[in-house]
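The structure appears below as structure tokens.
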Amino acid sequence: MNKFSFVPLIQGTETTDYVHICLSLSNGELSTEAMDEPQLMHEHIKTFLSDQGKSIAYGGYLEERSLYNRSSHFQSQHHKRNIHLGIDFWCDENRGVCCPINGVVHSFKDNENFGDYGPTIILEHTYKKSRFYTLYGHLTRESLKDKNKGQQIKKGAVFARIGEAAVNGNYAPHLHFQVIKDLEGKQGDYPGVCSAEELSFYKKNCPDPLLFKALE
Ligand SMILES: [Zn+2]
């Protein structure tokens, strides 16, 4: 899928500013070394964007990635978790994140493990009497400061900012955006990556965020 098609999440952008990027195991362009090093990764993304004449690179739903092999956070004793369940939006740090649809703050947390989300916000939404959630990971710490559970966030409001590698779990700056049907009781956190064995459950519970446009 090469066409970006839902409400722009990054402040000050239009759909024409976005370009799809592939970060899967099969992408020969990107060395494992670059994937592991936030600064190299950021340089790669900046070059990619400038070559394309765009400002935001997005993608990654159900992408199988080597990026997670560096962190024990993703290795359980049973299965390797390396299939990505959200969409990432790669750009410069500190960009504002816009709320795509009216919601309230469900929960928020600084998930500080190496390779984890860092500061994270989960919003709760109701659509035609059904409830679902959107998760925003790799934010700045300041994004959490003025938040309260139940706080209303209006569609289009800038409610968070994209964090730098020092706070975001040690990644090149990007927003992790994920749609979740059942949060399974979690607060401020939900798996953003799963193993092949878990995929059939997670792809139902975390549908493709690009389908989000159907809610508009
Ligand atoms: Zn992600």
Side-chain angles (χ1 to χ4, degrees), residues 1 4 6 8-10 18-27 30 32 34-42 44-45 48-49 56-75 80-95 97-98 100 108-123 133-140 143 160-181 183 186 188-196 198-199 202-203 205-212:
M1 183 177 295
F4 181 79
F6 67 99
L9 281 170
I10 310 300
Y18 293 72
V19 59
H20 184 263
I21 190 168
C22 173
L23 298 174
S24 75
L25 290 169
S26 59
N27 181 1
L30 203 55
T32 312
M35 290 279 241
D36 288 351
E37 184 52 57
Q39 195 53 43
L40 285 176
M41 180 83 172
H42 190 46
H44 171 85
I45 299 219
F48 174 83
L49 285 171
I56 315 284
Y58 77 95
Y61 181 65
L62 302 190
E63 203 164 70
E64 195 177 336
R65 294 175 169 178
S66 65
L67 180 62
Y68 305 110
N69 296 342
R70 63 183 184 152
S71 167
S72 60
H73 180 63
F74 298 102
Q75 319 301 323
K80 189 157 87 175
R81 297 197 294 135
N82 65 354
I83 303 173
H84 188 253
L85 297 167
I87 291 192
D88 289 326
F89 294 85
W90 304 85
C91 57
D92 285 331
E93 67 202 53
N94 232 21
R95 294 292 294 262
V97 178
C98 300
F108 51 93
K109 185 173 154 192
D110 191 354
N111 296 291
E112 290 176 293
N113 282 321
F114 177 78
D116 206 339
Y117 288 131
T120 308
I121 296 174
I122 296 178
L123 301 183
Y133 305 87
T134 52
L135 180 148
Y136 306 80
H138 310 298
L139 305 173
T140 60
S143 302
R161 291 193 176 273
I162 293 176
E164 57 173 332
V167 299
N168 80 356
N170 201 44
Y171 293 98
H174 71 289
L175 169 71
H176 175 98
F177 175 71
Q178 187 169 332
V179 176
I180 303 163
K181 290 182 180 169
L183 265 183
K186 296 201 165 35
D189 194 14
Y190 191 83
V193 179
C194 75
S195 67
E198 301 163 319
L199 184 59
Y202 280 111
K203 76 178 175 190
N205 197 39
C206 303
D208 184 349
L210 287 180
L211 300 175
F212 211 49

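All ligand and atom numbering here is 1-based and tracks the order in the structure.
Nearest N/O/S atom of His176 relative to the Zn ion (ligand 1): this is ND1. When the N, O or S atoms of Asp88 are ranked by distance to the Zn ion (ligand 1), OD1 comes first.
Here His138 does not reach the Zn ion (ligand 1): none of its N/O/S atoms is less than 2.8 Å from the metal. The Zn ion (ligand 1) lies at 2.8 Å or more from every N, O or S atom belonging to His174.
Note on ring orientation: taking the six-membered ring where Trp is involved, the planes of Tyr58 and Tyr18 are perpendicular (angle over 60°, cut-offs 30° and 60°). Note on ring orientation: taking the six-membered ring where Trp is involved, the planes of His174 and Trp90 are parallel (angle under 30°, cut-offs 30° and 60°).
Counting heavy atoms of neighbouring residues, nucleotides and ligands inside a 6.0 Å radius, atom NZ of Lys109 exceeds 12 of them.
In terms of modelled atom types and a separation under 3.5 Å, the side chain of His20 and the main chain of Gly59 share no donor-acceptor contact.
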